[in-house]
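Have a look at the structure below before the remarks.
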Amino acid sequence: MSILITGGAGYIGSHTCVELISAGYDILVVDNFSNSCAESLRRVEQITGKSIKFYEADVCDKSALRIIFSENNIDAVIHFAGYKAVGESVEKPMMYYENNLMSTVSLIDVMEKYGVRNLVFSSSATVYAGDNPMPLTEDMKLGAINPYGKTKLFIEEILRDLCSAKDNWCVALLRYFNPIGAHKSGLIGESPKGIPNNLMPYISQVAVGKLQRLNVFGDDYDTRDGTGSRDYIHVVDLAKGHVKAIQWAINNTGCEAFNLGTGKGTTVLELRNAFVQVTGMDVPYAIAPRRAGDLAEVYALPAKAKDVLGWEAELDISRMCEDAWRWQSNNPMGYEIDNTIDILK
Ligand code: NAD
Ligand code: WQD
């Protein structure tokens, strides 16, 4: 069984490559390195002992996709490729609409031409409207508030329409909650460019001495300690969810959304304190104003993924902190991105 992974050099994609290879799948990757580098795939090869077939190409480019599909016998696709920074999407909405929507539309078109109709798509908890009660279930009201979230929502709609029109397609829309952590080897992990927007990379960069202190965005929310609460999920659990989802997509038809979360909320201070406890590192912090657009708490009901996909998260917050720190302390500069390294066969 051969799976094409778009955006496979990125944070979640690289971890999913490891889990797919471990589960016995043949994989090939397409990535344009707009937010990653070839080194992550070299590390996946190191972890798995397998070489990875790789195409450096833009998923928006249909002619490049046609070459990939004509040269390989692809059974299914996992589509990670896309831009993901919420703040940047507010400043450059067209860049987000163009890349995220065009890449998906081009991919669908070429998949259809080559008769490949099983797709797993990286959606996000951000597609849920902000006024839903917790925990979030897949049937709740949708409504994104920033261009990034809207690209995910629009793509979900496109894929639902596709499956309504063509009953031989199968699409799993995976709504990730907050992926953190890294592979236990410490070889692959999240390598954000510039100052991180997200909490865990920020905490680990404070711990490693790259940033001075954590700004806690608001301590007056209606949560256990007043700070924002999220459903953090270990990236390896998330990657294993893709293995289950691809099995489901290959054996079914239709379009279904699945929450991939743990079902448990952890506040900013609880995550910071767990990290300090597990690593023994100092993470100074200060309370700062709330961040625009943030909700008090967000967490999943992951029951559908358990019932239908047979998947549930296993790793706890301590493991997430331990693994995030192993990656960060072994790689203080991330992958030291150098796209010129020609290490892939
Ligand atoms: P990432 O930026 O690390 O990975 C995305 C990969 O896609 C990168 O390697 C990038 O170079 C590549 N890419 C982007 N546009 C491309 C294009 N047009 N052609 C080819 N390659 C392209 O991000 P990630 O954290 O691994 O996220 C993967 C997916 O999951 C994204 O679609 C993201 O929106 C979604 N997601 C991420 C999170 C999160 O918190 N990390 C949460 C929910 C959903
Ligand atoms: C978590 C909590 C912050 C940074 C984002 C995207 C979402 C999805 C996952 C892609 C919040 C607080 C954060 C900091 C802080 N991505 N915080 N200080 O906002 O839940 O979700 O990533 O789909 O679309 O919006 O994650 O890690 O940014 O924030 O206090 O320096 O940490 O206020 O309560 P978020 P996050």
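Each ligand, and each atom within it, is numbered from 1 in the order the structure gives.
Against a heavy-atom cut-off of under 4.0 Å, Val86 is close to the following atoms of ligand 2: 6 (C), 25 (O). Of all atoms in ligand 2, listed by their number and element, those nearer than 4.0 Å to a heavy atom of Asn197 are 4 (C), 28 (O). Counting the atoms of ligand 2 from 1 in the order shown, those under 4.0 Å from a heavy atom of Val216 are 30 (O). Listed by number with element, the atoms of ligand 2 under 4.0 Å from a non-hydrogen atom of Tyr148 are 10 (C), 23 (O), 24 (O).
With hydrogens left out, the protein atom closest to atom 22 (O) of ligand 2 is Asn198 ND2, 3.2 Å, a heavy atom. Protein heavy atom at the shortest distance from atom 12 (C) of ligand 2 is Val268 CG2, 3.6 Å. Of all protein heavy atoms, the one closest to atom 3 (C) of ligand 2 is Asp294 OD2, 3.4 Å. Protein heavy atom nearest atom 8 (C) of ligand 2, with residue, atom name and distance: Ser124 OG, 4.1 Å. The nearest heavy-atom contact from the protein to atom 14 (C) of ligand 2 is Phe217 CE1, 3.3 Å. The protein heavy-atom contact nearest to atom 27 (O) of ligand 2 is Leu199 N, 2.8 Å. Looking only at heavy atoms of the protein, atom 35 (P) of ligand 2 is closest to Asn178 ND2, 3.5 Å.
Between Trp325 and Phe275, the ring-plane angle classifies as perpendicular under the 30° and 60° cut-offs.
The proximity of Thr126 to ligand 2, defined as any non-hydrogen pair under 4.0 Å, is limited to the side chain. Residue Asn215 touches ligand 2 through its backbone alone, judged by heavy-atom distances below 4.0 Å.
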Contacts table for residues 84-92: side-chain donor-acceptor under 3.5 angstrom, sequence neighbours left out:
unit_1	atom_1	unit_2	atom_2	d
Glu88	OE1	Tyr96	OH	2.5
Ser89	OG	Val86	O	2.7
Ser89	OG	Tyr148	N	3.0

Extract all donor-acceptor atom pairs below 3.5 Å that involve side chains of residues 124-133 and protein atoms in other chains or at least two apart in sequence.
unit_1	atom_1	unit_2	atom_2	d
Ser124	OG	Thr126	N	3.0
Tyr128	OH	Arg175	NH1	2.9
Tyr128	OH	Asn259	OD1	2.6
Asp131	OD1	Lys141	NZ	3.3
Asp131	OD2	Lys141	NZ	2.8
Asn132	OD1	Lys141	N	3.3
Asn132	ND2	Ala129	O	3.1
Asn132	ND2	Lys141	O	2.8

Pairs under 3.5 angstrom only: tabulate donor-acceptor contacts from the side chains of residues 23-31 to other protein residues two or more places apart or in another chain.
unit_1	atom_1	unit_2	atom_2	d
Asp31	OD1	Phe33	N	2.7
Asp31	OD1	Ser36	OG	3.3
Asp31	OD2	Ala9	N	3.1

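The pair Asp231-Lys264 does not count as a salt bridge, with every side-chain nitrogen at least 4.0 angstrom from each carboxylate oxygen. A salt bridge between Lys152 and Glu156 is absent, with no side-chain N of the basic residue lying under 4.0 Å from a carboxylate O of the acidic one.
Listed by chain and residue number, the protein contacts of ligand 1 are Gly7, Ala9, Gly10, Tyr11, Ile12, Asp31, Asn32, Phe33, Ser34, Asn35, Ser36, Ala57, Asp58, Val59, Phe80, Ala81, Gly82, Lys84, Asn99, Ser122, Ser123, Ser124, Tyr148, Lys152, Tyr176, Pro179 (heavy atom within 4.0 angstrom).
Ring centroid separation for the pair Phe258 and Trp311 does not come in under the 6.0 Å cut-off. If you look at Trp169 and Phe121, their ring centroids are not closer than 6.0 Å.
Summarising the geometry, atom CG belonging to Leu199 is positioned 8.0 Å from atom CD1 belonging to Ile180; distances are rounded to the nearest 0.5 Å. Leu315 contributes atom CG, which lies 9.0 Å from atom CD1 of Ile233 (distance to the nearest 0.5 angstrom).
Closest heavy-atom approach to atom 28 (O) of ligand 2 among the candidates Arg291, Lys84, Arg230: Arg291.
For Tyr232, the heavy-atom gap to ligand 2 drops under 4.0 angstrom.
Without hydrogens or angle criteria, Gln277 side chain to Ala274 main chain gives no donor-acceptor distance under 3.5 Å. The backbone N or O of His183 lies less than 3.5 Å from a partner atom in the side chain of His15, making a donor-acceptor pair.
Considering all non-hydrogen atoms of both residues, Asn118 and Ala249 come closest at OD1-O, 3.0 Å.
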